[in-house]
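Working notes, beginning with the structure itself.
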Amino acid sequence: MKCASDAVIHINQVFTSENLKPMVEAIERVLSEGRLIISREIDYGDGIYINVIVAPVYGDEDVQLGAVAMLRDVTELKQLDQLRMDFLLSLSHDIRSPLTAIKGFASSLLRGTFGEIGEKQSKAVELILHQSNRLSEMVERLAGAVKSLPASFSLHIETIDVRDVVNECITAYLGAAMDGRLLLKSILPDEPLLVDADREALMRILSNLVDNAIKYTPQGGEITVEARQVGDFAVIEVRDTGIGIPPEDLPKIFAPFSRIGRERTYTKGLGLGLAIAKRLVEAHGGTITVESQLGKGSTFTLTLPRAKYASREFQVLA
């Protein structure tokens, strides 16, 4: 087995009795609980990380035959994420000193420390000070976001009706949609669509998706949040008629600090929303995917096990 870091790892090193324990536990849970898909990231030491996905296997008449485990070497992805975070922390630290100097000199100029300045010069210096303060706030937000990006989530699980959360989200964003001259609507089933989930976490996920849709949809566009039952799962789609996502950006859309290409001109935010949304979804035993066409819009699809199948203890470690 060749790991992403170019080190050759013998299969026996990966499948030691100790290293097998988390995977065996996941398999046992899937076998005992049935409709549950578990994704776990396991640290095998020496900087090697393996993502294990365990899913049930069903035969005729919905009889569970067993479970299947898929292993993926995610060492390189972990290294890249860590490099990005280390770089951003280092950058935010290095920027603080020159920013402090700029603000200090600007304040001194306004106080007349270096002599009197005219009204026009004062306004220019005030603008420098204002922009420096804004940049300083951005640096602090960036550093805080890097440090607070959660590796795991503690969820407060309860049985909730997806329709209630969708309606709450739609109500919260109606004003923003009207300001952008957008049509924001929902399509919901007549019957309750129950999932076992953390209500605040699900609201956070949907809010992020709807907020992005509003940002990237031009005036006159539509945003639709549809929820429906598909077999043993609740499926929620957030569709927009916006500018779309470039194909080359789709594979990294859920990566921390990803910023989407030139067509997406909105520059606010740190690129953490979708990364956190993905981790929250996976912590519920669900999945989130995206489809998009430039100039036609995007569809984010969230799939969660229905209430009677959802696990009340499951967490994904990142």
Side-chain angles (χ1 to χ4, degrees), residues 145 149-150 153-180 182-217 221-230 233-242 244-245 250 253-256 258 260 264 266 268-292 297-307 309-310 314-316 318:
L149 185 62
F153 297 92
S154 177
L155 303 175
H156 303 283
I157 302 298
E158 59 182 324
T159 301
I160 59 176
D161 190 340
V162 169
R163 300 178 304 172
D164 294 339
V165 182
V166 171
N167 283 329
E168 182 180 348
C169 184
I170 293 290
T171 301
Y173 280 92
L174 273 178
M178 292 176 64
D179 289 343
L182 302 171
L183 175 61
L184 176 59
K185 62 180 182 179
S186 63
I187 301 175
L188 301 174
D190 295 329
E191 300 296 324
L193 184 55
L194 302 179
V195 296
D196 281 353
D198 184 309
R199 184 184 182 90
E200 292 301 317
L202 184 54
M203 182 65 180
R204 184 176 181 181
I205 295 164
L206 288 179
S207 296
N208 181 272
L209 297 179
V210 172
D211 186 62
N212 281 347
I214 290 173
K215 290 174 182 175
Y216 298 122
T217 302
E222 292 186 9
I223 298 160
T224 304
V225 182
E226 180 177 0
R228 62 183 183 276
Q229 177 183 326
V230 179
F233 296 90
V235 175
I236 308 170
E237 287 186 351
V238 179
R239 303 190 295 267
D240 65 60
T241 59
I245 303 168
L250 283 174
I253 191 71
F254 295 109
S258 288
I260 303 307
R264 295 197 146 204
Y266 189 88
K268 292 184 180 179
L270 297 173
L272 286 174
L274 289 177
I276 292 175
K278 183 176 186 292
R279 293 185 182 184
L280 283 171
V281 170
E282 290 176 343
H284 285 83
T287 61
I288 184 170
T289 59
V290 60
E291 297 178 3
S292 186
S298 304
T299 298
F300 285 84
T301 303
L302 168 64
T303 302
L304 294 172
R306 283 169 49 216
Y309 297 125
F314 174 71
Q315 287 192 17
V316 171

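One is the number of the first residue; the rest follow in order along the sequence.
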Q. Within the distance-only criterion (no hydrogens, no angle test), does the side chain of Thr241 pair as donor or acceptor with the backbone N or O of Glu222 below 3.5 angstrom?
A. yes
Q. What are the two closest non-hydrogen atoms of Cys169 and Val210, and how far apart are they?
A. SG-CG2, 3.8 Å
Q: Using atom types as modelled and distance alone, determine if a side-chain donor or acceptor of Arg163 lies under 3.5 Å from a backbone N or O of Asp190.
A: yes
Q: Determine, for Arg228 against Glu237, whether the closest basic-nitrogen to carboxylate-oxygen distance falls under 4.0 angstrom.
A: yes
Q.
Is the shortest side-chain heavy-atom distance between Asp211 and Lys215 below 4.5 Å?
A. yes
Q: Working to the nearest 0.5 Å, report the span between CG of Asn208 and CG of Leu280.
A: 9.5 Å
Q) Can you tell if the side chain of Val165 reaches within under 4.5 Å of the side chain of Val162, non-hydrogen atoms only? A) no
**Q.** CD1 on Ile253 to OG on Ser298, rounded to 0.5 Å
**A.** 7.5 Å
**Q.** Phe300 side, atom CZ; Ile288 side, atom CD1 - distance, nearest 0.5 Å
**A.** 7.0 Å
Q. Within a strict 4.5 Å, meaning less than it, do heavy atoms of the Val235 and Leu302 side chains meet?
A. no
(Q) Can you give me the closest heavy-atom contact between Lys278 and Phe254, atom names plus distance? (A) CD-CB, 3.4 Å
Q: Give the C-alpha distance, both sets of side-chain angles, the deciding distance and a yes or no for side-chain contact (heavy atoms from CB on, under 4.5 Å) between Val281 and Ile205.
A: CA-CA 8 Å; Val281 170; Ile205 295 164; 3.6 Å; yes
Q. Quick one: does His284's side chain have a donor or acceptor within less than 3.5 Å of a partner on Leu304's backbone?
A. no
Q: Report the residue from Val225, Thr301, Leu209 that forms a side chain to side chain contact (heavy atoms under 4.5 Å, CB included) with Ile236.
A: Val225
Q) Between Glu200 and Arg204, is there a side-chain N and carboxylate O pair less than 4.0 Å apart? A) no
Q: For residues Arg279 and Leu274, determine if any side-chain heavy atom of one lies less than 4.5 Å from a side-chain heavy atom of the other.
A: no
Q.
To check you understand the geometry: which heavy-atom pair defines the closest contact between Asn167 and Ser186, and what is its length?
A. OD1-OG, 4.1 Å
(Q) Does any part of the side chain of Val195, heavy atoms only, come nearer than 4.5 Å to the side chain of Thr159, both counted from C-beta? (A) no
Q: Any pair with a residue in residues 168-179 that passes side-chain hydrogen bond (donor to acceptor under 3.5 Å, both in side chains), sequence neighbours left out, goes on the list, sorted by first then second residue, please.
A: Glu168-Arg199
Q | Atom pair CG/OG1 of Leu184 and Thr224 - distance to nearest 0.5 Å | A | 8.0 Å
Q) Stepwise, does the side-chain contact (heavy atoms from CB on, under 4.5 Å) test hold for Leu183 with Ile223? A) CA-CA 6 Å; Leu183 175 61; Ile223 298 160; over 6 Å; no
**Q.** Rounded distance [0.5 Å steps], CE in Met203 versus CD1 in Ile160
**A.** 11.0 Å
Q) Applying the side chain to side chain contact (heavy atoms under 4.5 Å, CB included) test to Ser292, which of Ile245, Thr299, Asp240 qualifies? A) Ile245
